A.B. asks: 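The structure's right below; bear with me while I get my questions together.
Remember, it's a predicted structure, so these values are computed and weren't measured experimentally. The sequence lines fix the lettering, A, B, ..., with proteins before strands; numbering per chain opens at 1.
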Amino acid sequence: MLQLQVLRDQTQKVIAGLTKRNFREAESIVNEVLLVDTDRRATQGLLDDIRAKSNADSKKIGELMKAGKSEEATTLRNAVAADKENIKINENRLADLEAQLQQLLYRIPNVPAEQVPPGKTPDDNITTYEWGKVPTLAADAQPHWELIKKYDIIDFELGVKISGAGFPVYKGKGARLQRALINFFLDEALALGYTEIQPPIVVNEASGYGTGQLPDKEGQMYFATEDKLYLIPTAEVPITNLYRDVVLGDDDLPVKNVGYTPCFRREAGSWGAHVRGLNRLHQFDKVEIVRIARPEESYDVLEEMCTHVQGLLEKLELPYRRLLLCGGDMGFNSAMTFDMEVFSAAQQRWLEVSSVSNFETFQANRLKLRHKGKDGKVQLLHTLNGSALALPRIVAAIIENNQSKDGIVIPKVLRSYTGFDLIS
RNA sequence: GGAGAGAUGCCAGAGCGGUCGAAUGGGCCGGUCUCGAAAACCGGUGUGCGGGCAACUGUACCGAGGGUUCGAAUCCCUCUCUCUCCGCCA
């Protein structure tokens, strides 16, 4: 959620930024916000004045009663009663305007950072870095959904039986590969000074609002109606919400958290040819890094996070490219996002395995996550997060790129974690 | 699931329906003292919104939401959460 103050002070800049991400209603909705806000402030001014008068009169009534001047007190009492009506009317009006404002603000996406290129589709994303050589596979190379059957390591049919489509069962070396990757990712983050968090994997409604899944995206989350709890779509939600309504001091910064959780996504209506096998699931595993930083440092932090993620891919010997997302391809909350994509030789396509974003104050404003310095000044912090990494597509890429006539070769860094070199 | 107790500022903990944004203690920050520190003493120490260049000022907030009253942290109702005991249990 954008800050009203920013909307007021930098109206044109905001509109220009929103236009960069093809948010068509930008101008009209921002103007509506400004209009409602003006009304809101006028109403509050009026309300405060009436309240001030009413408070003063009430106090006076007390004094008059004490002094025994009950007639004067009664007169004043009637005056206050009239004010009370007026207060009620304006309170309702104010609440109404605030709700309107809130709804409008919820609809406005974040303003892209300066460096974000304009554009509408993924074709407009800019490749800022590429690493590794795409392996040349044998002519009979197979996609992972064939290989997992061949080696019997991931079973979709079994998943369908006990849960449904998109809930695979990992078996034997498949399960061990999963566990190895999770541990590897966590250890790599810990080595960089991250604190490991094991959060709940269901969250309440307030948390959904805090990180921006609610309102509007409730259709993407599984919901336990009896207890009004949402299954998390990413660890970002619980880990970032740890800091909801929190004022951090200098000693609390920087915040560097890492957490492994399963993630649940309904992915309503997004099934098709491109989402075969592990490419898109209802439940998958992910190690997420979450950072909270001072505004002036957040872009350095973003770079640091990207470097970390790229390091993971390099250690896994997976060829990848780094994309700076264009305005039109960025998520609603993000000010700047880098995607890491791994090339799958067998599918002959790039697979997104990580998305690293700086939300600037967009989430912090909703969360009321602030920093209070030694000078006593309170300001919103910046939040960032990134996958480091999401498992299924990494697994898909490893299986496909490392296939050989002997079996699937486990990347060297993982071998101490898996306990085996080969899936055969 | 059953019974009871409670929810107040960074923490602990007071608070006859008006003088309570809130005693007191601790913590923290600043100062005096000191070569330095401790102790002691003095002062300061919430957030949102509105107005103001600012000093400052109006208003709201004592778990959340309603209600009674001229006036509510204080009375009433509902909800949420926490704690204790019992039951169940990984």
A.B. asks: Can you tabulate the close N/O pairs, meaning under 3.5 Å, that link protein atoms to atoms of nucleotides 44-46 of chain B?
C.D. replies:
from, atom 1, to, atom 2, distance (Å)
B/G46, O3', A/Lys372, NZ, 3.4

A.B. asks: Taking the C1' atom of each, how far is B/C11 from B/G27, in whole Å?
C.D. replies: 7 Å

A.B. asks: Looking only at atom P, what distance separates B/G17 and B/C75, rounded to whole Å?
C.D. replies: 7 Å

A.B. asks: Taking the C1' atom in each of B/C10 and B/G87, what is the distance between them to the nearest angstrom?
C.D. replies: 39 Å

A.B. asks: State plainly whether the residues A/Arg41 and A/Asp37 are in salt-bridge range, i.e. N to O under 4.0 Å.
C.D. replies: yes

A.B. asks: Does the structure place the NZ or CZ of A/Lys173 under 6.0 Å from the centre of the six-membered ring of A/Tyr151, at an angle of no more than 45° from the ring's axis?
C.D. replies: no

A.B. asks: OP1 or OP2 of B/A60 less than 4.0 angstrom from a side-chain nitrogen or oxygen of A/Asn55, does that happen here?
C.D. replies: yes

A.B. asks: Rounded to whole Å, how long is the line connecting atom CG of A/Asp39 with atom C1' of B/G50?
C.D. replies: 14 Å

A.B. asks: Output yes when at least one side-chain N/O atom of A/Arg51 is less than 4.0 Å from OP1 or OP2 of B/C49, else no.
C.D. replies: no

A.B. asks: Output yes when A/Arg322 and A/Glu303 qualify as a salt bridge under the 4.0 Å nitrogen-oxygen rule, no when they do not.
C.D. replies: yes

A.B. asks: Taking atom P of B/G50 as reference, at what distance in whole Å does atom CZ of A/Arg40 sit?
C.D. replies: 4 Å

A.B. asks: Ion pair present between A/Glu114 and A/Lys20, side-chain N to carboxylate O less than 4.0 angstrom?
C.D. replies: no

A.B. asks: Just call it for A/Asp49: base, sugar-phosphate, or nothing, with non-hydrogen atoms closer than 4.0 Å on any strand.
C.D. replies: nothing

A.B. asks: May I have the distance from A/Gln5 (atom CD) to B/G48 (atom P), rounded to whole angstrom?
C.D. replies: 12 Å

A.B. asks: In whole Å, what is the span from the CG atom of A/Asp57 to the C1' atom of B/U59?
C.D. replies: 16 Å

A.B. asks: Please give the distance between the P atoms of B/G63 and B/C56 as a whole number of Å.
C.D. replies: 29 Å

A.B. asks: Could you state the CG-P distance from A/Leu248 to B/C10, rounded to the nearest angstrom?
C.D. replies: 14 Å

A.B. asks: With the side chain counted from C-beta on, respond yes when A/Phe264 and A/Pro262 share a heavy-atom pair under 4.5 Å apart, and no when they do not.
C.D. replies: yes

A.B. asks: Taking only nitrogen or oxygen atoms into account, show me every contact under 3.5 Å that the protein makes with nucleotides 61-68 of chain B, one pair per line with its distance.
C.D. replies:
none

A.B. asks: State, with a plain yes or no, whether a side-chain heavy atom of A/Leu367 is found less than 4.5 Å away from one of A/Tyr243.
C.D. replies: no

A.B. asks: Between B/U47 and B/A40, how far is it from one C1' atom to the other, in whole Å?
C.D. replies: 34 Å

A.B. asks: If the C1' atom of B/C42 is compared with that of B/C20, how far apart are they to the nearest Å?
C.D. replies: 25 Å

A.B. asks: Within the 4.5 Å heavy-atom criterion, are A/Met221 and A/Leu231 side-chain neighbours or not?
C.D. replies: no

A.B. asks: Would you say the side-chain atoms of A/His382 and A/Glu360 include a donor-acceptor pair closer than 3.5 Å?
C.D. replies: no

A.B. asks: Between B/C89 and B/G48, how far apart are the P atoms? Round to whole Å, please.
C.D. replies: 50 Å

A.B. asks: Sticking with atom P, work out how far B/C33 lies from B/A38, rounded to a whole angstrom.
C.D. replies: 15 Å

A.B. asks: What integer distance in Å separates A/Asp48:CG from B/G52:P?
C.D. replies: 13 Å

A.B. asks: Look at all strands and tell whether A/Ala52 reaches a base, only sugar-phosphate, or nothing, counting heavy atoms closer than 4.0 Å.
C.D. replies: sugar-phosphate

A.B. asks: OP1 or OP2 of B/G48 sitting under 4.0 Å from any side-chain N/O of A/Arg370?
C.D. replies: yes

A.B. asks: A/Leu47 CG to B/A60 P: how many Å, rounded?
C.D. replies: 8 Å

A.B. asks: How does protein reach along nucleotides 73-80 of chain B, written 5' to 3' as B (base within reach of a heavy atom under 4.0 Å), S (only sugar-phosphate), or - (no contact)?
C.D. replies: --------

